[in-house]
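Have a look at the structure below before the remarks.
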Amino acid sequence: MSQVVNAGFPLLTATAAVPAVGAILTAAVPAARRTAAKWLALLVSLATLVLAGVVWARFEPGGDRYQLVESHSWIKDFGVRYELGVDGIGVALIALTALLIPFVVLAGWHDADPLETSSKRWRPTQGFFALILMVEAMVILSFEATDVFLFYILFEAMLIPMYFLIGGFGDRAHSGSDENAAAQRSYAAVKFLLYNLVGGLIMLAAVIGLYVVAGNFSLTEIAEARANGSLEMATSTERWLFLGFFFAFAVKAPLWPLHTWLPNAMGEATAPVAVLITAVVDKVGTFAMLRFCLGLFPEASKWATPAIVVLALISIVYGALLAVGQRDIKRLVAYASISHFGFIILGIFAMTTQGQSGATLYMVNHGISTAALMLVAGFLISRRGSRLIADYGGVQKVAPVLAGTFLIGGLATLSLPGLAPFVSEFLVLVGTYARYPVAGIIATTGIVLAALYTLVLYQRTMTGPVKEEVRALPDLKARELAVVVPLIAVLIFLGVFPKPLTDVVNPAVEHTMSDVQQKDPQPQIQNVEAAK
């Protein structure tokens, strides 16, 4: 698995450095220049999107596995390197991250403005947008890192800005007092941090164990040594190391039963930050399962597959069932996301080309569809000042554009044919059924339940008699349309023409299948003539 180090412009570093430097500059804007800080953050996010587009354009799907490689000595005594490289999966997720952040910034344009009614809840606008850009920088760099120790540092460091975004800039639509709202935000932020820190500490032990066994942290060198037989791991050692990595990624993903932090975090965060959590940060967990668990520990991955498939199925059904019973709009989307992550993990560990291609597409398409639904829901909640489904009714009669975009986002969530998530879910189910027919059949119950919770949510909030409290709700404004319309356009485009994504992703999936030495099951076609 040789790789050629890029001696030219460090494009991957620049793609992460631009939002990192932008975060510092945004935080340094004077307190009175809030609008300038917002525009600076937006321009930085757009510049990052341009760089991500250049990465996409320069990536050759049929070329080396890891491209645009950068490698420099970092901590020489311990063999730690600043080593970057992207495969097709990393390129797709970098593009997703860079695409979503400008919409997150636009959607949160007023979320951190000071509240005139209470000086205690004054919000540092500059800090809010700086934290968003810092998360973007760390997530992008984590998709690029091919040094295990570098990835671990980023994996843990992104928790810090996320903690402050959840705990310091919570949702204003809270039914209780200011003190109760602050306590709920603090609880959600601490729970998010503790869960992920515990996972990270277990992973740290596994990272150290990997270094003891392999003598370095380079993903490419370790994988190459395993392939040519110069590195051998005892079966028990490989399994323990795999479990250490997988546990941390399962918390981040989030996989049942390590998921309980997500509904709290998404419920108490602002809608843009909720999108940042589930559409961007959580994708690091599922991405790492493909890159590190399957790449470094192929035999242990196959050993653990039956148990992981069962956990993924539980996540699919459990998350969907709890979404059906929710009274809070944002918590409903959170539980729906748990169900969707179950599909992603199921596709990864189905160990088929269709399953893993579908899982990667699902990461991208889930990010876009959840962003569309959650951001429209955020616009709705900010108008009414309530997250409770029962407080709405008849919205489509007073705000038809808002209701229409909400419906499209919901239909994408239930994977309606013609919208992007359908392709992903179909591939995951086909890939799973090819190797585990019973698991594929059970997973389809998630589709039925998704239709139930999505359509019931729309029926209870948008249709029926107009409630007195929603009669004066304004429809979507220009800034809000600029957020929602492009996301819907991308959902439709990728729903009818997913080829740009599949062309980039499929070669990387083939490499992953080669790592675990798995081939797709051959379809059993009954010979009609023989049967006669």
Side-chain angles (χ1 to χ4, degrees), residues 38-39 41-42 45-46 49 95-112 129 132 136 171-173 266 269-280 329-330 332-334 336-337 340 364-387 389 392 394-416 418-422 450 454-455 457-459 461-463 470 473-496:
K38 297 173 184 179
W39 279 105
L42 180 60
S45 66
L46 291 173
L49 178 58
L96 169 69
T97 303
L99 174 68
L100 290 182
I101 296 301
F103 299 119
V104 167
V105 171
L106 267 179
W109 202 254
H110 298 299
D111 285 357
F129 292 102
I132 290 174
E136 179 182 24
D171 191 355
R172 295 177 178 180
M266 289 184 66
T270 64
V273 173
V275 169
L276 198 62
I277 295 169
T278 190
V280 176
I329 297 174
K330 292 170 70 177
L332 184 151
V333 178
S337 291
H340 294 148
V364 176
N365 295 333
H366 169 263
I368 299 169
S369 62
T370 299
L373 179 60
M374 179 59 84
L375 293 178
V376 176
F379 297 147
L380 176 66
I381 291 168
S382 66
R383 284 160 163 73
R384 173 68 176 83
S386 173
R387 307 193 315 239
I389 297 173
Y392 295 89
V395 173
Q396 68 179 10
K397 297 178 182 178
V398 297
V401 177
L402 188 154
T405 53
F406 188 86
L407 177 61
I408 296 174
L411 293 176
T413 298
L414 62 83
S415 300
L416 184 77
L419 296 175
F422 170 76
T454 299
L455 296 178
L457 171 65
Y458 183 82
Q459 183 266 329
T461 56
M462 302 296 165
T463 65
V470 304
L473 289 186
D475 214 334
L476 293 182
K477 300 176 183 177
R479 173 181 61 84
E480 296 164 333
L481 287 171
V483 171
V484 178
V485 171
L487 292 174
I488 291 176
V490 174
L491 285 173
I492 296 172
F493 175 77
L494 292 178
V496 299

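One is the number of the first residue; the rest follow in order along the sequence.
Scanning both residues, Pro421 and Ala412, for their nearest heavy atoms gives CG-O, 3.2 Å. Pairing each heavy atom of Ala482 with each of Leu106, the nearest pair is CB-CD1, 4.4 Å. Listed here is the closest heavy atom pair of Leu494 and Ala420: CB-CB, 3.7 Å. Summarising the geometry of Ala271 relative to Lys330, their closest heavy-atom pair is N-NZ, 4.0 Å, with the distance given to 0.1 Å. When every heavy atom of Leu419 is checked against every heavy atom of Ile492, the shortest pair comes out as CD2-CG1, 3.8 Å. When every heavy atom of Gly108 is checked against every heavy atom of Phe129, the shortest pair comes out as O-CZ, 3.3 Å.
When atom types are taken as modelled, the side chain of Arg383 and the backbone of Asp475 share a donor-acceptor pair closer than 3.5 angstrom. In this structure, Thr278 contributes its side chain and Ala274 its backbone to no donor-acceptor pair below 3.5 Å. A donor-acceptor contact shorter than 3.5 Å is absent between the side chain of Tyr458 and the backbone of Thr463. Remark: the backbone N or O of His366 is paired with a side-chain donor or acceptor of Ser369 at under 3.5 angstrom.
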*Just do the side-chain contact (heavy atoms from CB on, under 4.5 Å) check on Thr370 and Val275 with the steps written out, would you?*
CA-CA 7 Å; Thr370 299; Val275 169; 5.6 Å; no

*side-chain contact (heavy atoms from CB on, under 4.5 Å) evaluation trace for Phe379 with Thr405*: CA-CA 11 Å; Phe379 297 147; Thr405 53; over 6 Å; no

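In this structure, the side chains of Leu411 and Phe422 stay at 4.5 Å or more apart for every pair of heavy atoms. Taking the side chain as every heavy atom from C-beta outward, Leu487 and Leu375 approach each other to under 4.5 Å.
Checked against Met462 for a side-chain contact (heavy atoms from CB on, under 4.5 Å), the options Leu402, Leu407, Leu457 give a single hit: Leu402. A side-chain contact (heavy atoms from CB on, under 4.5 Å) with Leu276 holds for exactly one of Ile101, Thr97, Leu100; it is Ile101.
Taken to the nearest 0.5 Å, the CD1 atom of Ile381 stands 4.5 Å off from the CD1 atom of Ile329. Interatomic distance, Phe406 CZ to Leu476 CG, rounded to the nearest 0.5 Å: 11.5 Å. Considering OH of Tyr392 and OG of Ser386, their distance stands at 5.0 Å, rounded to 0.5 Å. The OG atom of Ser382 lies 8.0 Å from the CG atom of Asp111; values are rounded to the nearest 0.5 Å. Here the CE atom belonging to Met266 is positioned 10.0 Å from the CG atom belonging to Leu332, to the nearest 0.5 angstrom. To the nearest 0.5 Å, atoms CG (Leu473) and NZ (Lys397) are separated by 14.0 Å.
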